[in-house]
2 protein chains.
Amino acid sequence: MASIKDVAARAGVSVATVSRVLNSHPSVSPEARARVLAAVDALGYRPNAVARSLRTDQTRTLGLVISDVLNPYFTELARSVEEEARALGYSVIIGNADERPELQDHHVRTLLDRRIDGLLVSPTDGGSPLMLDAARAGTPMVFVDRWIPGVDVPVVRADGRSAIRDLVAHLYGLGHRRLAIIAGPAATTTGSERVEAFRDALREHRLALPEAYIGHGDFQADSGRRSTEAFLALPEPPEVVFAADNLMALGALDAIRAHGLRVPHDIGLAAFDDIPWFVHTDPPITAIAQPTKELGRAAVRALVDRIEGRPPQSVTLPARLVVRSSCGEHAPTRRSNP
Amino acid sequence: MASIKDVAARAGVSVATVSRVLNSHPSVSPEARARVLAAVDALGYRPNAVARSLRTDQTRTLGLVISDVLNPYFTELARSVEEEARALGYSVIIGNADERPELQDHHVRTLLDRRIDGLLVSPTDGGSPLMLDAARAGTPMVFVDRWIPGVDVPVVRADGRSAIRDLVAHLYGLGHRRLAIIAGPAATTTGSERVEAFRDALREHRLALPEAYIGHGDFQADSGRRSTEAFLALPEPPEVVFAADNLMALGALDAIRAHGLRVPHDIGLAAFDDIPWFVHTDPPITAIAQPTKELGRAAVRALVDRIEGRPPQSVTLPARLVVRSSCGEHAPTRRSNP
DNA sequence: CTGAAAGCGCTTACAG
DNA sequence: CTGAAAGCGCTTACAG
């Protein structure tokens with residue numbers, strides 16, 4: 001592969017001049033520029049980003065560590081992150097933690113070793129020493145979707161509280177009283193917050209959330225399946241199950257179908273996170289939609305602000321309820337979006 | 001951030017010795033090793049991968065350029081690629097082409113600039129000059145899923161031909177005669193091959209594939225929607241629509257529902273690529289499943305073979321038909337997997 | 001406007 | 001077993 005020296009030799013100038021042309025530094029004569037450009041072209045020269053990074057101490061690369069790529073919500077988030085990053089002149093390297101803290105640490109470590117300019121994280125747990133150290137050491141960092149309390153890092157996320165209140169009101173209006181939730185891991189903010197918001201909303205209707213109606217999931221389909229089976233085995237099973245993410249909703253659906261039950265006739269189902277397929281499931285699933293694209297964009301902007309020395313800002317965007325027919329027979333109250 | 005010099009100073013040895021310890025070179029005295037390790041620990045030193053790469057001319061990184069991350073098939077492929085790569089000591093950087101040739105080129109260029117050790121590509125088109133040049137220049141490269149004919153690069157893919165023949169036999173057995181397909185872009189191998197396999201299978205049953213029954217899609221949901229609308233507007237609409245990927249099937253479902261039609265009563269639907277949600281759609285969708293994980297693994301192995309100087313091998317794995325109820329009322333002939 | 005030179009953080013023959 | 005030194009491919013003050 002041709003190096004800057006080859007270009008310099010062919011153009012009859014020094015490597016300094018080649019470098020200046022490549023970085024569009026103003027003080028280069030038109031003739032020199034032309035000769036360099038011609039040499040670059042002839043040689044098919046491409047600057048070595050590794051060498052440049054070593055020298056400039058910046059990689060123009062962002063790291064994104066997400067909890068689970070197979071979750072459509074995170075896939076969409078990742079895509080929006082890459083899009084915005086590209087617009088701002090950055091690449092992004094994605095690390096998939098698969099909801100496993102050790103794997104999350106593996107990726108954080110690899111990314112740090114590669115000297116990425118900044119890190120976007122949706123933490124799988126309460127924060128490993130590695131991540132806490134990185135934050136303290138001043139690595140530019142922003143949390144997306146989930147965050148770690150007590151760490152001085154901007155957070156970009158959606159607030160599902162009011163959408164969850166809308167959901168509970170909707171369920172109550174349909175006559176349901178026994179409402180269960182499949183929660184995410186308590187160590188994650190989205191895991192605990194959604195349960196709390198749900199519990200608070202129930203309380204407004206003077207409804208309790210018994211321990212048996214709380215499934216302890218891990219945001220993966222399998223745990224949705226297991227929790228739902230436990231609910232169904234109860235002497236008094238819930239009338240509606242609210243899954244705290246779309247994968248656990250998938251697992252719940254699997255379990256319900258395995259028991260020969262029908263939604264919503266035998267049991268209702270709602271999910272946090274909306275995906276295109278929810279329109280076509282049997283029946284269409286009532287869900288809480290996050291402004292995923294906007295979250296990705298805002299997260300990148302906050303991180304790049306931090307990297308480039310501007311004060312970064314935390315952002316909280318509202319989620320919204322999308323009523324479909326998975327929770328009851330009534331003609332659903334139509335909301336903004338079908 | 002501490003550098004190798006800091007470690008050397010603290011341990012009272014030269015940087016060469018530190019480097020040897022870090023790379024577990026045998027000729028280091030136990031005492032020196034211990035002092036270095038202690039210094040590394042005290043300083044929280046982490047080697048700079050950028051510097052190492054510049055020096056060794058290898059990044060231990062693979063590039064993966066896929067056509068569309070939002071497509072669950074590619075998401076799963078990406079995940080399996082990362083998993084296998086990690087097992088072999090490599091990281092992977094994913095570039096999402098979004099089915100856009102310019103974006104594909106952007107990622108190939110960026111990846112090449114970063115001096116990745118090898119490139120895994122699922123080409124969006126017939127091959128840009130950039131990609132062709134890279135292949136000719138000897139960049140270790142492997143095509144996954146889709147490939148470019150006439151380029152000397154190993155290909156790892158699934159052969160859907162026999163599964164498509166099974167599908168057509170299944171449809172024929174159900175009494176359907178007017179079968180349509182929503183194809184992918186003709187410039188992609190999977191785009192053209194699936195149509196040809198479909199046409200060949202129809203011929204075995206003395207059925208024709210009229211031009212009007214070929215939708216020209218681009219593997220995205222919107223094109224599935226448009227093609228289906230065109231089918232439905234025909235004087236004699238098809239009895240079954242076969243979408244060449246799952247996103248176009250989603251679009252087809254949208255269009256069918258928008259017309260107030262029901263699957264399979266009014267029109268049948270089948271898809272290439274199977275996804276977990278197909279079990280829960282209304283009705284469950286008959287699909288052709290690829291051995292996605294195995295494809296990802298095999299592709300990484302072929303690429304790493306190539307990188308490490310072993311002869312890489314092309315691999316073709318079979319896809320298989322999964323019969324559900326979206327094509328007809330008959331009790332479906334059960335196949336290996338529900 | 002231009003070039004010689006230093007230096008980013010590593011690795012690795014080479015000499016001892 | 002160990003260290004001094006060269007060098008990977010760049011960028012960038014510095015001097016002219």
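Below, read A as the first sequence line, B as the second, and so on, with proteins coming before strands; counting in each chain starts at 1.
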Results of side chain to side chain donor-acceptor pair (under 3.5 Å) for Ser19(A) - residues two or more places apart only: Asn23(A)
Please give, in whole Å, the distance from [N] [atom2] to [X] [atom1]?
X        : N      : atom1 : atom2 : result
Leu54(A) : dA6(C) : CG    : C1'   : 13 Å
Leu22(B) : dG9(C) : CG    : P     : 15 Å
His25(B) : dG3(D) : NE2   : P     : 13 Å
Gln58(B) : dG9(C) : CD    : P     : 21 Å
Arg35(B) : dT2(D) : CZ    : C1'   : 11 Å

Might you confirm whether atom CD of Glu294(B) has over 12 heavy atoms from other residues, nucleotides or ligands at distances under 6.0 Å?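 It does: Glu294(B) CD has more than 12 such atoms within range.
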Among dT2(D), dC10(D), dT2(C), which nucleotide sits nearest the side chain of Arg115(B)?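 When the side chain of Arg115(B) is considered, dC10(D) is the closest of dT2(D), dC10(D), dT2(C).
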Quick note, Asn48(A) side chain, CB onward, closest among dG9(D), dT2(C), dC10(C) is dG9(D)
Checking all strands, does Ser27(A) fall into the base, sugar-phosphate, or nothing category for heavy-atom contacts under 4.0 angstrom?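 Base contact.
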Do the non-hydrogen side-chain atoms of Leu303(B) and Pro140(B) ever get within less than 4.5 Å of each other? yes
Protein and nucleotides 12-16 of chain D: nitrogen or oxygen contacts under 3.5 angstrom:
{"residue": "dA13(D)", "atom": "N6", "partner": "Arg20(A)", "partner atom": "NH2", "Å": "3.2"}

With Watson-Crick and G-U wobble geometry limited to distances under 3.5 Å, how should the secondary structure of DNA chain D be encoded in dot-bracket form, using | for bases paired to another strand and [ ] for crossing pairs? |||.||||||||.|||
Is any side-chain nitrogen or oxygen of Ser14(A) closer than 4.0 Å to OP1 or OP2 of dG3(C)? yes
Decide, yes or no, whether a salt bridge links Arg86(A) with Glu82(A) under the criterion of side-chain N to carboxylate O below 4.0 Å.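 Glu82(A) and Arg86(A): salt-bridged.
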How far, in whole Å, is dG16(D) from dT12(D) if one measures between their C1' atoms? 16 Å
